[in-house]
Amino acid sequence: MVKRKRQAAGNEKGIKRKTQGKDQKRSSKMEAYEELLVWAKDKGIILNGVAPRRIPGRGMGIVATKPLKADTTILTVPSKTLRTYETVHPSIARALPKDITIHGLLAADLAFDPSPSAKYRQWNAVCPTRDDVWDSLPLTWDHQLRKFLTKRALDLLLKQEAKFEKDWTMVQQSSLLSLRSDGEEDESTKEDGKLNKTITRDDYLYAWLLVNTRTFYHETPKTKKFKKEDRMVLQPVADLFNHTSYDPSADEKEGNKKTCSVAFSPTAFTITTTRPYIEGEEVYICYGNHSNDFLLIEYGFLFDENVWDEVCIDDAILPLLDQAQPQLPQQPAKKVTRRLNERGKKDPKSQEQQPPKSAKDLLEEYDFLGNYNLDPRNPTGCYRTQVALRAVSALADNSGPEGEKKFRAFVDYGQDPWEDSEEEQKKLNAMLAQALKRWRGDVVDEMVAGLKRLEEVDRKCHRDMLLMRWRQVGRMVDRALEELEG
Ligand SMILES: C[S@@+](CC[C@H](N)C(=O)[O-])C[C@H]1O[C@@H](n2cnc3c(N)ncnc32)[C@H](O)[C@@H]1O
């Protein structure tokens, strides 16, 4: 699967759905799923020992309806039922520029689809509602909440927004919407049936986010001509599988084992179990080794424990680099006097000594500036963080060119005097601990306090999801401090 998301939001939703009205909505949704199964059977989609169920906090999911052995093919989706760029309504495909992304094209197909007479009515009926999407996906949230996103989440969100705006601009400039204003249709449009021509930005955004959360990576000889991010396909029924992350180092840990494998052949897409299941157990697939920031922005949920989680600590580390300015060692006055040789060039023997590079310059030179992370696998910082700390340490203590030499020997030849000396390693640990403590106080705790103070938020679930994220970040920092100081 290319993408997915929703757990924290789900908790909120669980509470919301306790009202009677929501219960009615739930039962009608189950009927929609039953209809989908009838439709699926008719299309040749085979479910073997699994069925869709409502899962508290996760919308729909797929559950084992009988004990399953490992290596059982539980879902087969014939290629002819996939929704690809080739199945897009011809009027829509014709009206949009050729360079629109496949994501944008599939979203247009969903948005302009003249439901309820649509070919995919049963599938549309089981997709999350617009409220579900607006509850969970940060792209739809109040902009005042953006300052409460982590750095990485904000970067992802801004990229996603730019991608969406580009697609939406193409849709707006196409004849699809201009048809709406004068109510006229050309002959080809009539041929292909009526399109829903009254869509708004929010309609398109809803469709675009459905595509974002439900598409699978689809590489075929035909899609290979597209950029990787354009090799995407929608798969009715297969898109009901929720995501779990897989910890390769914890094979024995229940719930952490790889659950299913997915495969495409020219004729079908299949999902196969990789371990046994008991009846009633939810069957997941893995959308990829994603951090919680990624899951939040792309799929709208957070895991409590995510072995692939990481948090960017650039804001903790970069200030250390600013403090580590190299000093020139004291020189006798005559050596710094500039003399010119006969041709007016500097006399090489008496050249002024160049100041050693700063830690920042050195890291930039080696492409190690920024992108520093803490993660559960490396609670004391990733390799890049360790390199940055060594740069700061090497250039500290007025070590001048010697410090620079020491750092270069570390990066160029892998000579690590810090690791060999307990004293040096302790210095690095203390430096990182101090930086993390400062960041925890100045940023992490401030974010939590700011979110708690925030009352004017459209939907409380958005604020709660951000609170959950910053608390996770706080726990990651605490774990690092335990390791560093313990
Ligand atoms: C492809 S759909 C999976 C089916 C979906 N639950 C539904 O109701 O249609 C992907 C979406 O499911 C939800 N989801 C997937 N895995 C989840 C998980 N482990 N916890 C919470 N929500 C999850 C997220 O909302 C995500 O955007």
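Counting convention: from 1, in listed order, for ligands and their atoms alike. Since we're looking at a predicted model, the values are computed, not measured.
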Salt-bridged, D142 to R463, with N to O below 4.0 Å?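 Here D142 does not pair with R463 in a salt bridge, since their nearest N and O are not under 4.0 Å apart.
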Item to check | For D155, salt bridge (charged side-chain N to carboxylate O under 4.0 Å, His left out) partners two or more places apart | outcome: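 Partners of D155 by the salt bridge (charged side-chain N to carboxylate O under 4.0 Å, His left out) criterion, ordered by chain and then number, come out as K151.
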Winner among M60, H243, R54, R214 once heavy atoms are compared against atom 16 (N) of ligand 1: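 Going through M60, H243, R54, R214 one by one, H243 has the nearest heavy atom to atom 16 (N) of ligand 1.
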For this session: Answer yes or no: does atom CG of D71 have more than 12 heavy-atom neighbours from other residues, nucleotides or ligands under 6.0 Å?
Result: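 No, not enclosed.
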Report, in ascending order of atom number, the atoms of ligand 1 lying under 4.0 Å from any heavy atom of [X].
| X | answer |
| --- | --- |
| T213 | 1 (C), 2 (S), 10 (C), 27 (O) |
| D239 | 1 (C), 2 (S), 3 (C), 4 (C) |
| G59 | 8 (O) |

Inset, instruction - Using the test side-chain contact (heavy atoms from CB on, under 4.5 Å), find all partners of I55 that sit at least two apart in sequence or belong to another chain. - result: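 Only R53, R58, V63, N242, E282 meet the side-chain contact (heavy atoms from CB on, under 4.5 Å) criterion with I55.
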Query - Distance under 6.0 Å and angle within 45° of ring axis: R275 vs Y277 - result: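 That pair qualifies as a cation-pi contact.
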- Part of F303 with heavy atoms under 4.0 Å of ligand 1, whether side chain, backbone, both or neither: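 Contact part for F303 vs ligand 1: side chain (C-beta onward).
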Requested in this report: Please confirm whether T244 comes under 4.0 Å of ligand 1, counting heavy atoms of the residue only.
Outcome: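 No, that is not the case, since the closest heavy atom of the residue is not under 4.0 Å from the ligand.
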